[in-house]
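All remarks here apply to the structure that follows.
Residue numbers start from 1 in every chain, and the chains themselves are labelled A, B, ... in the order their sequence lines are given, proteins ahead of strands. Computed over heavy atoms, backbone and side chain alike; hydrogens, waters and symmetry mates excluded.
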2 protein chains.
Amino acid sequence: MRIALDAMGGDRAPVEIVNGAVRAVRLGHLQAADLILVGDEPRIENALDEAIGSEAFERRGLSIHHAPEVVEMHEKPVDALRRKKRSSIAGCVQLVKDGEADAFVSAGNTGAVVAASTLHLRLIEGIRRPGIAITLPSRAGGVTLIDVGANIKCTPVHLFQYGLMAHHYVESCRGIASPRIGLLNIGSEDEKGNDVVRKTREMFAATPLNFVGNVEGQDVFGDVCDIVVCEGFVGNVVLKVSEGISEFLIRQVADEVGSAFPDGKAPDLWQGTWNGIQGRLMAKIDYSEYGGAPLLGIDGTCVIGHGRSDAKAIANALRTTRDFVRNQVNSHIRTELAEILRSDEWQSGVQG
Amino acid sequence: MRIALDAMGGDRAPVEIVNGAVRAVRLGHLQAADLILVGDEPRIENALDEAIGSEAFERRGLSIHHAPEVVEMHEKPVDALRRKKRSSIAGCVQLVKDGEADAFVSAGNTGAVVAASTLHLRLIEGIRRPGIAITLPSRAGGVTLIDVGANIKCTPVHLFQYGLMAHHYVESCRGIASPRIGLLNIGSEDEKGNDVVRKTREMFAATPLNFVGNVEGQDVFGDVCDIVVCEGFVGNVVLKVSEGISEFLIRQVADEVGSAFPDGKAPDLWQGTWNGIQGRLMAKIDYSEYGGAPLLGIDGTCVIGHGRSDAKAIANALRTTRDFVRNQVNSHIRTELAEILRSDEWQSGVQG
């Protein structure tokens, strides 16, 4: 297996990205996979020298593919891709298209990654739109939210296909048999929500998928479902709200701990225990523990990293990518879709 | 001032609602305001007897308006209102319409409260849709989110008017001069989001309102704005996600504290300190501390309580209602709208 990694993508590129690659190699996340670092060769070489330091680290399995241009985080995706033909994102996509890589990972401009993948790798036959599936910590032991920003104009078919694709991804990569799928809505009753959501609910209800019906905001981090389907605008807001409120709450807890002692400082023993608690808590809710977010629906494997990805987040995204390819998620999706497309019963609904 | 309170609305009605009324009276939340408890008279009498107990509590300022029917939480609003002409919600609205009350508070079926208010009290002249404005704890010392579920099909004019109304509400009732208004979007750049959001941004940018531009999910609980404007589907999800994730995190902290000690139990001194910390933390993030949510845009005052409202939440909602009436929020909105409607520059945009 060969994985291309966009070494220039993300707020902390290329250093943290290259560190992440080295970390993945050291932790054995990649196993037999080879890694192609895509981006500005001299800068990647420098970062690699830094990361490997004076140790006699072998570069076995690591190679560099030169791509001198960078799509910046705030550029308009389509414009930037048109102007910068030799960007690291374009380089990654080309490697996958040419069969030089089985998958690619980028923490760069999400819109550009989605646009380049959709345009050049195309979609799995029958899939209408790609969707970003991110897995977050929850009481259920993790919840996969799809879509979180690739598609802000969803039809019922888009949403239904997101659920179907996430089913295969979660079953294969999170190891949950028949994962529970919830449809994000503003009430649990069948008739709640707008027309798109109501029609989507009907589509899910008619399948053998483990559909638990409408779920509300409070259920996302609860224990009623393993997958939450929603349109990209809402999913993006939910994702970012959850990050924001976690930071807010953790800060509040820390403030309260500080002010619980007369001089604003806890006794050493207390503080030590508290530090341990806080560390484990942060690890539990840390997005970077949860790996990257596959762009489901692409005929090829594309995994998107958080724009703020550090080395740990990148290493975990590489592990997600390896699992995705090894478990042949796309092949499962393709087979199921082919069956659905053949089935008379489904023709109208899924084509609609 | 006279306030009608729907004694039958909410999961814990009538007991907690009546307790809330008594609490508000005892805490002086109502000052000179009289309170009319609306609902099934015998049940309200029983709850009042319970709440007042054997004390020689005077019922001065408290009266009962009999309404024998209840719109249940999960009934379809319009159907239920049509069938149950003598519901407590209809009773509250009628009291306001007849000038017998200046305002009403209900923690009952939100859809029914919105529908009954819109239909019978009508909207302030020039306002297109009512919006629910809820205030949540945040790093900014509180954030007012509008809309959280009254309107799931927003146009730019609806969203713009939500911001305008929330400006007056927050200035008058939260005491923040020129509050910062953010527009919830999936990126901070001007061109991000769908057409509705982009057009709304342009409308805000052309006013003297303190508009800070697009804000993202992580900013809702941050310190960049005092008001967040969004359409009702997204706002409802944000509200409920924030409740869900707060519960999830507090539970995680408690679990970690428990497991930080060998036998799962902290020493007494530690536990005492921790209990204090946890209590203050819960108070800070407790929705019930933040009062009810006014339904802005109604020509009359309607404040919506959380469906799970307990006595404290109801008492705080009554305080919010008193402030809303006393500060003449609707009159400020009416004056500003009349000016805008006269202004040539605005005719096209606001009428559009």
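Only the backbone of A:Ser138 comes within contact range of chain B, with heavy atoms under 4.5 Å apart. Only the side chain of A:Glu191 comes within contact range of chain B, with heavy atoms under 4.5 Å apart.
Residue B:Lys312 qualifies as enclosed at atom NZ: its count of foreign heavy atoms under 6.0 Å is above 12.
Within the model, atoms CG of B:Leu249 and CG of A:Leu249 stand 5.5 Å from one another, a figure rounded to the nearest 0.5 Å. Atom CD of B:Glu243 sits about 9.5 Å away from atom CD1 of A:Ile245, to the nearest 0.5 Å. With rounding to the nearest 0.5 angstrom, the CZ atom of B:Phe233 is 7.5 Å from the CD atom of A:Glu231. Atom CD of A:Glu247 is separated from atom CZ of B:Arg139 by 8.0 Å, given to the nearest 0.5 angstrom. Distance check, rounded to the nearest 0.5 Å: CZ of A:Phe248 to CD of B:Gln218 gives 15.0 Å. If you take NZ on A:Lys192 and NE2 on B:His74, they are separated by 7.5 Å, rounding to the nearest 0.5 Å.
When the candidates B:Val148, B:Asp219, B:Asn185 are compared by the number of heavy-atom contacts under 4.5 Å with chain A, B:Asn185 comes out ahead. Between chain B and the residues A:Gly149, A:Gly244, A:Ser246, A:Gly217, the most heavy-atom pairs under 4.5 angstrom are made by A:Gly217. For the options A:Asn236, A:Val238, A:Val197, A:Leu239, heavy-atom pairs under 4.5 Å to chain B are most numerous at A:Asn236.
Side-chain atoms of B:Val237 and A:Val237, non-hydrogen and from C-beta on, never get closer than 4.5 Å to each other.
No donor-acceptor distance shorter than 3.5 angstrom exists from the side chain of A:Lys240 to the backbone of B:Gly187, with no hydrogens or angles considered.
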